[in-house]
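What follows is a short report on a single structure.
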Amino acid sequence: MRLPLPHRIRVRLDRALRSRVDEGVRPLVEREDDLSRRLDALAARVDQLADRVDRIDQLPAALDLKAAAVDLKNVSERVDRLDEVTGSAEDRLRRLDEQATWNAHQISRLAPQAASFEQRLERQARPVVVNAGGNDELSESRMLVDVVREEHARIRARLSAVSAYEERIRRLEDRAFPPPTG
């Protein structure tokens with residue numbers, strides 16, 4: 001059973017009771033807040049350590065990637081050097097091809113002149129045959145020999161022209177239908 005207390009006394013008792021309870025509970029609350037802060041700090045530290053462990057686990061992969069990047073850089077440098085070497089070799093090959101084409105043209109241009117020169121040398125190398133017969137026979141035989149020589153010269157000139165045209169056609173065919181590479 002409760003006794004009715006005057007209002008003033010009730011208020012004073014309530015305050016006293018609250019202050020005692022507050023004094024008793026405050027250290028517990030402060031300890032709880034301190035523990036909560038400590039737990040938060042420990043959780044943050046555990047997260048940091050977990051991140052470090054994850055990074056350590058990833059370290060071999062990162063090292064492999066770094067080694068692969070270094071290897072790729074070295075290979076790239078070697079490829080660049082080989083490109084320079086093959087580029088200069090291609091330039092030299094192109095110049096040699098141009099020179100060979102020019103030489104072939106010059107040879108084809110000089111071939112008829114060489115044939116004519118051979119013919120004149122051949123004429124000079126043949127001894128002159130003197131026939132004991134009559135002048136008419138001699139002049140007729142010389143005329144026949146000259147006709148045959150002229151015909152031979154024309155045939156040689158035609159053959160050298162045909163040879164030059166065949167060479168030109170071969171070069172055009174090579175240009176139009178290059179041989180397969182590889």
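Predicted model only: the values in this text are computed from it and were never measured.
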Under the salt bridge (Lys or Arg N to Asp or Glu O under 4.0 Å) criterion, do E98 and R94 qualify, and how do the steps go? CA-CA 6 Å; E98 290 171 357; R94 183 185 45 77; 3.2 Å; yes
Separation between [atom1] of [X] and [atom2] of [Y], rounded to the nearest 0.5 Å:
{"X": "W102", "Y": "I107", "atom1": "CH2", "atom2": "CD1", "result": "9.5 Å"}
{"X": "L42", "Y": "D47", "atom1": "CG", "atom2": "CG", "result": "11.0 Å"}
{"X": "L121", "Y": "F117", "atom1": "CG", "atom2": "CZ", "result": "4.0 Å"}
{"X": "R149", "Y": "L144", "atom1": "CZ", "atom2": "CG", "result": "12.0 Å"}
{"X": "S163", "Y": "R158", "atom1": "OG", "atom2": "CZ", "result": "15.5 Å"}
{"X": "I169", "Y": "D174", "atom1": "CD1", "atom2": "CG", "result": "12.0 Å"}

Between the side chain of [X] and the main-chain N/O of [Y], is any donor-acceptor distance below 3.5 Å?
{"X": "T86", "Y": "L82", "answer": "yes"}
{"X": "R95", "Y": "D91", "answer": "yes"}
{"X": "T101", "Y": "D97", "answer": "yes"}

Are there over 12 heavy-atom neighbours, none belonging to [X], within less than 6.0 Å of that residue's [atom1]?
{"X": "R175", "atom1": "CZ", "answer": "no"}
{"X": "R171", "atom1": "CZ", "answer": "yes"}
{"X": "R8", "atom1": "CZ", "answer": "no"}

Going by salt bridge (Lys or Arg N to Asp or Glu O under 4.0 Å), R156 matches just one of E122, E151, E150. Which one? E122
Can you see which heavy atom on A164 is nearest to which on S108, and at what distance? CB-CB, 4.4 Å
With Q106 via side-chain hydrogen bond (donor to acceptor under 3.5 Å, both in side chains) - residues at least two apart: R109
Please examine the side chains of S88 and E84, heavy atoms only from C-beta on, and report whether any two atoms are closer than 4.5 Å. no
Are E166 and R170 ion-paired here, with the side-chain N under 4.0 Å from a carboxylate O? no
side-chain hydrogen bond (donor to acceptor under 3.5 Å, both in side chains): which pairs involve residues 71-80, sequence neighbours left out? none
